[in-house]
Amino acid sequence: MIDIKNLSFGYKHERLFSDLSLSLTPGSICGLLGKNGAGKTTLLKLMSGLLFPQQGNISIMGKNPSKRPVDFLQELIFLPEVFDLPPARPEQYRMLYAPFYPRFSVERFSSLMEQFEITDRKKLSEISYGQKKKFLIAFGLATNCRLMLLDEPTNGIDIPSKSQFRKAIASSFEDDRIFIISTHQARDLESLIDPVIILDEGRIIFNRSTEEISYHLKISYQARPPEPEETIFSEKTFEGYAVVTENHEHEDTNIDLETLFNTVINNKPEISRIFRDGGAR
C-alpha cells in the first residue's frame, strides 16, 4: 500500500532525508516516532502530496501523491497538529466536506460526535483546541478512508478524551486500512501501535512489529543499578531503573515505547545486531 524508495528531501538550508525507504502494508496502526526535528511531519506531508520528493519515489495505493489524483485524495485523510477551522457549525462542515469522500458514514460521524461530547450549538472557530481536534478526528474516522495520517493526535486533549480516541481508532481498524500516527506521546498510544517505526538522522532506523520487539527485547524494572555487561540500555526512574536486556529466553514482556525509543536511539549498532541475528519472528 505504501512504498517509499530512496527518498531525499530537504528545506533551503537543511537536508532532512537521504535515501529513506519504507514499505507498509494495510491492516496496521503504525507509530512514527522520532526526536524533535527528525522530519515526522514532513514525511506525512510527503505521503499526502503536500510536499514533493527531491529524489526517489513514493507510491501509495499505486498512486503518486505528488500528482494528487482525485481517486487518491478520496482515500486519504491527513490530520495535522496545526490547523484552522472555519466559522461553521459541525453539521455545516460535514455537509460541505463529506461529499468529497464517497464512503463517508453519517451514522459513524454522529456516533463519534456523541462519544466526544461535541454538539452543533457552537461554531468550530469558537470551541477549544481540544474540542476542535476531537471534531477533526471524528470527521476523519467517518470518511472511512483507506489511509489516515495523524500528526500528534492526542496533544491538547484531556485524559478521558485520550481513552475515547484509543477506542475510536481500535473500532475503526480494518484489514484494508492503514493508520500512521506520528507522536511524542508514546505512552498514550502504546496499546494501539503496531508496528513501531523510528525516524532518525534522515532514515528509518527501526521498523518492527510489537511481537518481534517483545520476542527479542526484555524491559524490566529494578531498584538497584543494573550490571553494565548484561544491559543494552537503562535509565533512572522514580521507582529505580528501567533496564533493557536481550530476551534470550523469549519470555512474555510488556513494551514501554518511551524506553524502547531511547534504547534504539542510543544503541543503534546493538539493536541492529539483535534483530539482524535473531531475524524476524
Fill in: Residue pair S111 / Q115, side-chain donor-acceptor N/O under 3.5 Å
yes

Worksheet item: Is any side-chain heavy atom of L50 closer than 4.5 Å to a side-chain heavy atom of R68?
Response: yes

Practice prompt. Measure from the side-chain N and O atoms of S128 to the backbone N and O of Q131, and report whether any donor-acceptor pair falls under 3.5 Å.
Written response: yes

Worksheet entry | Closest heavy-atom pair and its distance - T154, L189 | CG2-CD2, 3.9 Å

Worksheet item: When the aromatic ring centroids of F104 and F139 are compared, is their separation below 6.0 Å?
Response: yes

Worksheet item: Should the pair R89-D120 be classified as a salt bridge under the 4.0 Å nitrogen-to-oxygen rule?
Response: no

Worksheet item: Quick one: does K40's side chain have a donor or acceptor within less than 3.5 Å of a partner on G34's backbone?
Response: yes

Worksheet entry | salt_bridge(K268, E201) N-O dist < 4.0 Å | yes

Discussion item. Keeping T237 on the side-chain end and E239 on the backbone end, is there a donor-acceptor pair under 3.5 Å?
Written reply: yes

Item to complete: Run the numbers on E152 and K133 for salt bridge (charged side-chain N to carboxylate O under 4.0 Å, His left out), then give the verdict.
Response: CA-CA 10 Å; E152 299 291 351; K133 180 161 280 192; over 6 Å; no

Worksheet entry | Pairwise side-chain contact, L150 with F165, heavy-atom cut-off 4.5 Å (strictly under) | yes

Worksheet item: For atom CD of E91, is the number of surrounding heavy atoms from other residues, nucleotides or ligands below 6.0 Å larger than 12?
Response: yes

Worksheet item: Quick check: does any side chain N or O of R166 sit under 3.5 Å from a backbone N or O of S191, one acting as donor and the other as acceptor?
Response: no

Practice prompt. Measure centre to centre between the rings of F83 and Y129, then say whether the value is under 6.0 Å.
Written response: yes

Worksheet item: Under 3.5 Å, side chain of K236 to main-chain N/O of P225, donor-acceptor pair present?
Response: no

Practice prompt. Please find out if less than 6.0 Å separates the ring center of F206 from that of F275.
Written response: yes

Discussion item. Under 3.5 Å, is there a donor on one side chain and an acceptor on the other for D151 and T41?
Written reply: yes

Fill in: Between D3 and S59, a side-chain donor and acceptor under 3.5 Å
no

Discussion item. Any non-hydrogen side-chain atom of Y93 less than 4.5 Å from a side-chain atom of L85?
Written reply: yes

Worksheet item: Which residue, R103, R146, R177, K63, forms the side chain to side chain donor-acceptor pair (under 3.5 Å) with E75?
Response: R103

Worksheet item: Any side-chain donor paired with an acceptor under 3.5 Å for N6 and Q55?
Response: no

Worksheet item: Are T253 and K218 close enough that a side-chain donor and a side-chain acceptor fall under 3.5 Å?
Response: no

Worksheet item: Does the side chain of T42 come under 3.5 Å of the side chain of Y11 through a donor N or O and an acceptor N or O?
Response: yes

Worksheet item: Ignoring hydrogens and geometry, is there a side-chain-to-backbone donor-acceptor pair from N247 to E251 under 3.5 Å?
Response: yes

